[in-house]
Amino acid sequence: MKIAIPLAGGKLCTHFGHCEQFAIITVADGKITEHKTLTPPPHAPGVIPNWVADQGCTDILVGGMGEAAQAIFRQRGIKVLCGAPSDTPENLVTLYLRGELIDSGNTCDHDHDHGHNCPIYVN
């Protein structure tokens, strides 16, 4: 299992498409075996979801995400969990593996001309 988490300041970034970096965490036998931090390509429709998929990720944990990005992930066979709180990647993966993170089905309601209206999750 390879889990992607969008980051800003070392914690989950609530604005998926504009994160600074991604934590890519490899899990084997229920334990974290590798943790990489990668810088994504510039934001453009469809670019980041495909880049995450190209990293070999099987799952992604996000605060909120637009339906178009979710559709790309589903087409690429990646499980999306929306509604994760702003926390460190290690804590989020631990909660995810325990089944303690619940998909709230939140999406990012974007208005590219007038700003954005993304849900914000805090610890």
Side-chain angles (χ1 to χ4, degrees):
M1 174 184 291
K2 251 185 168 175
I3 304 169
I5 301 170
L7 301 177
K11 292 187 174 183
L12 179 132
C13 177
T14 58
H15 197 298
F16 165 77
H18 295 276
C19 66
E20 298 167 355
Q21 296 180 309
F22 272 86
I24 307 291
I25 304 203
T26 303
V27 175
D29 298 322
K31 296 186 190 288
I32 295 173
T33 59
E34 185 177 16
H35 179 168
K36 293 181 185 176
T37 303
L38 303 175
T39 301
H43 177 68
V47 170
I48 295 176
N50 283 301
W51 176 82
V52 168
D54 291 345
Q55 304 310 306
C57 294
T58 58
D59 302 68
I60 184 163
L61 309 179
V62 299
M65 178 186 293
E67 185 55 42
Q70 288 186 47
I72 292 169
F73 282 120
R74 283 193 299 270
Q75 290 168 358
R76 300 284 307 257
I78 297 170
K79 182 178 177 184
V80 177
L81 183 134
C82 288
S86 181
D87 202 344
T88 65
E90 295 81 4
N91 287 346
L92 290 170
V93 169
T94 298
L95 292 170
Y96 185 60
L97 294 174
R98 285 190 208 149
E100 295 178 19
L101 286 181
I102 302 198
D103 190 325
S104 66
N106 286 320
T107 59
C108 177
D109 178 18
H110 248 208
D111 180 347
H112 287 281
D113 295 326
H114 299 76
H116 61 86
N117 206 9
C118 297
I120 296 176
Y121 300 90
V122 292
N123 200 10

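Remember, predicted model here, so these are calculated numbers, not experimental data.
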Requested in this report: Could you grab the distance from atom CD1 of Ile60 to atom CD of Gln55, nearest 0.5 Å is fine?
Outcome: 11.0 Å
Query raised in the report: Can Val62 and Cys82 be said to form a side chain to side chain contact (heavy atoms under 4.5 Å, CB included), step by step?
Result: CA-CA 5 Å; Val62 299; Cys82 288; 3.7 Å; yes
Side-chain donor-acceptor pairs of residues 32-40 under 3.5 Å, sequence neighbours excluded:
from	atom 1	to	atom 2	distance (Å)
Thr33	OG1	Thr26	O	3.3
His35	ND1	Glu90	OE2	2.9

Query raised in the report: Under the side-chain contact (heavy atoms from CB on, under 4.5 Å) test, which residues partner Pro42, sequence neighbours left out?
Result: none
Report summary line: When Asp103, Ile5, Asp87 are each screened for side-chain contact (heavy atoms from CB on, under 4.5 Å) with Leu61, the one that passes is Ile5
**Report entry** Over all atoms of both residues, closest heavy-atom pair of Leu12 and Ser86
**Finding:** O-OG, 3.2 Å
Report task. Enter the distance from Cys13:SG to Leu7:CG here, rounded to the nearest 0.5 Å. Result -> 8.0 Å
Query raised in the report: In Å, rounded to the nearest 0.5 Å, how long is the span from CG of Leu81 to CE of Met65?
Result: 10.0 Å
Report task. Check side-chain contact (heavy atoms from CB on, under 4.5 Å) between Ile102 and all other residues, then give those that pass, not counting sequence neighbours. Result -> none
Query - Pairs involving residues 14-25, ordered by first then second residue, that meet salt bridge (Lys or Arg N to Asp or Glu O under 4.0 Å) (sequence neighbours left out) - result: none
Query raised in the report: CG/Leu101 to CG/Leu95 distance, rounded to the nearest 0.5 angstrom?
Result: 5.0 Å
Query raised in the report: Rounded to the nearest 0.5 Å, what separation is found between the CD1 atom of Ile24 and the CD atom of Gln21?
Result: 10.5 Å
Report task. Please report the C-alpha distance between His43 and Ile48 in whole Å, then the side-chain angles of each, then the deciding distance to 0.1 Å, and finally whether the side chain to side chain contact (heavy atoms under 4.5 Å, CB included) criterion is met. Result -> CA-CA 7 Å; His43 177 68; Ile48 295 176; 4.1 Å; yes
Report summary line: ring pair (Phe, Tyr, Trp, His ring centres under 6.0 Å) pairs touching residues 45-65, sequence neighbours excluded, are Phe22-Trp51
Report task. List for me each residue that meets salt bridge (charged side-chain N to carboxylate O under 4.0 Å, His left out) alongside Asp29, sequence neighbours excluded, and say none if there are none. Result -> none
Query raised in the report: Considering residues at least two apart in sequence or located in another chain, which fulfil the side-chain contact (heavy atoms from CB on, under 4.5 Å) criterion with Ala68?
Result: none
Query raised in the report: Do you know the tightest heavy-atom contact between Ile25 and Pro89?
Result: CD1-CB, 3.6 Å
Query raised in the report: What pairs with Ile72 under side-chain contact (heavy atoms from CB on, under 4.5 Å), at least two apart in sequence or on another chain?
Result: Pro49, Asn50, Arg76
Report summary line: Output for pair (Met1 CE, Tyr96 OH), nearest 0.5 Å, gives 5.5 Å
